[in-house]
Amino acid sequence: MPSTRIRTLSMALPNPTPSPARPTVPDTPTALASPDTLATLAPPNTLTTSIRPTAPDTPSAPASPNALSDGAAPPPAWRRLPHLDAVDRDVLTLYLFTRVALALVAYCTAWLFPRSPEAHSPGLFTEVVGQWDWSHYLHIARDGYFPDDPAARPAEWDNREAFFPGFPLVLRVVHLVVPEWTAAGLLVSLVAGAVAVLALARIARVHLPRAADARRAALLLLVSPCAVFLAVGYTESLFLALALPAWLAARRQDWRAAALLAAGATAVRVSGLFLVAALVVHFALAARARGTLRGLPWLAVPALPPLLHSWYLHARTGDWMAWKHAQERGWYREFHAPWEAWGTTWDAAFGHGYTTSYALMWQAELVAMAVGVVTVALLVRARRWPEACYMALSLWALGTSYWYMSIPRATLLWWPLWIGIASWTLRRPRWLAAWLCLSAPLSVVLAVTFFSGRWAG
């Protein structure tokens with residue numbers, strides 16, 4: 001697998017939190033460094049873009065240990081589920097340790113940065129972890145998009161239509177068991193995050209020399225600068241818990257499972273539509289190789305959640321694109337040419353027109369965009385078309401607003417990036433230590449800014 005050089009430093013990213021006016025700043029994070037290479041972006045040598053050498057003359061093993069002889073009934077579904085091996089258990093252990101570490105950061109932040117400088121006791125833990133966009137998800141889950149009770153309506157409309165209903169729906173269901181809303185949101189992210197890191201490790205096994213190396217990709221994600229958003233009541237963990245298993249199912253040519261999981265992803269974030277486009281590209285390549293379109297109708301299923309959401313909003317507002325227009329009102333997501341968005345963000349970052357905290361966040365946005373563009377270029381060079389499609393559409397959506405917003409946090413969703421960095425550090429082991437020395441402190445700093453309510457500047 002060829003080794004490719006990247007000279008850009010990576011980071012992590014945000015989802016919308018409203019900005020009052022254009023001079024005021026959107027919810028954005030801080031930057032991090034990414035290595036000089038994504039060596040894992042190698043050309044595919046199998047239908048599923050695996051980079052492991054194949055042995056065509058060797059008979060393939062049964063699909064699972066439960067495979068039965070001809071004529072025997074298939075095993076029950078629960079027995080066909082993948083079992084956790086030693087690598088999976090290591091990944092989960094690492095995941096739990098990082099959750100404990102973030103909880104410790106939240107605890108210390110509550111004592112060091114109370115809401116009042118004269119406070120003699122910290123605020124409630126649920127107030128510390130329930131910040132920023134969490135309030136939108138809470139209001140949707142508790143009151144709906146258009147509450148009938150006047151007491152539940154905000155004095156100034158909060159543009160909550162911009163948020164897709166998947167996470168609030170799951171939150172409302174979990175709330176039936178966990179009465180405290182913030183605790184319910186933390187539980188959703190905790191369970192979904194575990195599924196996500198396991199799926200990331202399974203994907204990484206395809207591209208890394210040894211199965212045990214998959215732990216590195218999980219580590220890089222879990223200590224990335226904006227990793228705090230995988231732990232709090234945000235959509236990143238739930239989205240990855242659906243999108244990454246969908247990708248694994250597509251690699252197995254199980255288009256029904258891939259489509260159903262992708263439908264869940266499109267209900268959670270608009271990024272799910274970019275995943276669907278990547279699955280369509282994946283299907284086209286597989287169909288050309290196998291000469292069959294079997295499974296194609298399933299790829300229409302992921303379009304249903306966004307269509308139903310748009311239909312519901314139209315019934316209440318008369319606007320089929322109410323969610324998009326809410327983003328434009330609240331977060332300046334109206335379309336601008338990519339070079340205009342870059343120029344506006346550059347001026348905000350280096351034009352000395354904003355305070356240093358705001359300027360630093362826009363610098364982070366620029367670095368994240370550069371990392372994404374280089375990653376897409378390497379994916380295209382390696383002819384990894386499905387992943388390149390997913391990344392390119394994500395960058396187009398994020399890079400065509402008035403200014404850049406949420407790109408660093410969006411890097412949490414770029415699984416080819418984390419697997420690529422993992423491969424690169426395997427070839428240059430000392431760079432793993434260098435990466436962690438940069439990434440881990442930034443992750444703590446950004447977690448403190450989130451927990452202390454200082455995220456948007």
Side-chain angles (χ1 to χ4, degrees), residues 13-20 26-27 29 99 102-103 106 109-110 115 122-193 226 228-242 264-265 267-272 305 309 312-313 316-317 322-323 326-327 329-331 405-406 409 412 447 449-456:
L13 71 163
N15 192 334
T17 28
S19 304
D27 177 7
R99 301 313 90 185
L102 281 172
T109 302
R115 295 297 179 94
L124 296 175
F125 185 78
T126 54
E127 294 177 351
V128 175
V129 298
Q131 303 268 6
W132 301 104
D133 286 356
W134 161 251
S135 63
H136 294 288
Y137 301 122
L138 171 61
H139 294 156
I140 296 170
R142 186 184 61 196
D143 308 320
Y145 283 98
F146 306 99
D148 295 326
D149 184 2
R153 297 175 191 163
E156 183 178 350
W157 190 244
D158 55 7
N159 296 303
R160 63 183 68 178
E161 314 95 286
F163 297 88
F164 277 35
F167 183 81
L169 285 173
V170 174
L171 177 62
R172 190 172 184 87
V173 171
V174 175
H175 174 66
L176 298 175
V177 181
V178 182
E180 212 291 319
W181 284 102
T182 305
L186 294 176
L187 180 60
V188 171
S189 291
L190 177 67
V191 176
C226 285
V228 62
F229 292 99
L230 296 173
V232 295
Y234 271 59
T235 59
E236 277 75 11
S237 287
L238 183 58
F239 176 81
L240 288 174
L242 295 162
V268 173
R269 294 176 64 101
V270 69
S271 309
H309 183 49
Y312 168 76
L313 294 179
R316 298 302 299 262
T317 67
W323 64 270
Q327 290 192 356
R329 289 191 304 268
W331 296 274
M405 187 189 308
S406 306
R409 206 174 89 207
L412 291 173
T449 63
F450 177 86
F451 293 135
S452 64
R454 294 171 170 82
W455 182 253

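Predicted, not measured: the structure shown is a model, and the values here were computed from it.
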Grab the two heavy atoms, one from Ala110 and one from Val128, that are nearest each other, plus how far apart they are.
CB-CG2, 3.6 Å
Non-hydrogen atoms of Leu102 and Ala447 that approach each other most closely
CD2-CB, 4.0 Å
Side-chain heavy atoms of His309 within contact of Trp323, under 4.5 Å
yes
How are the rings of Phe146 and Tyr312 set to each other: parallel, tilted or perpendicular (split at 30° and 60°)?
tilted
Does Gln131 reach the main-chain N or O of Phe451 with its side chain, forming a donor-acceptor pair under 3.5 Å?
yes
With sequence neighbours excluded, residues passing side-chain hydrogen bond (donor to acceptor under 3.5 Å, both in side chains) with Arg99:
none
Please walk me through it: do Trp331 and Asn159 pass side-chain contact (heavy atoms from CB on, under 4.5 Å)?
CA-CA 9 Å; Trp331 296 274; Asn159 296 303; 4.1 Å; yes
Please tabulate, one pair per line, all N/O donor-acceptor pairs under 3.5 Å involving side-chain atoms of residues 185-193, not counting sequence neighbours.
unit_1	atom_1	unit_2	atom_2	d
Ser189	OG	Val232	O	2.6

Restricting to non-hydrogen atoms, name the atom on Asp158 and the atom on His139 that form the minimum distance, rounded to 0.1 Å.
OD2-ND1, 3.9 Å
Is there a side-chain contact between Thr235 and Phe163 in this structure, where contact means two heavy atoms from C-beta onward sitting under 4.5 Å apart?
no
Mind checking whether Met405 and Gln327 have side chains closer than 4.5 Å, heavy atoms only?
no
For residues 165-182, tabulate all N or O donor-acceptor pairs below 3.5 Å that involve a side-chain atom, not counting sequence neighbours.
unit_1	atom_1	unit_2	atom_2	d
Arg172	NH1	Ala141	O	2.4
His175	ND1	Val178	O	3.3
His175	ND1	Pro179	O	2.9
Glu180	OE1	Thr182	N	2.8
Glu180	OE1	Ala183	N	2.8

Work out which heavy atom in Cys226 is nearest to a heavy atom in Leu412; give both atom names and the distance.
O-CD1, 3.4 Å
Minimum heavy-atom distance Arg160-Gly144, with the two atoms named
NH1-O, 2.9 Å
pair Phe450-Tyr234: side-chain heavy atoms closer than 4.5 Å
yes
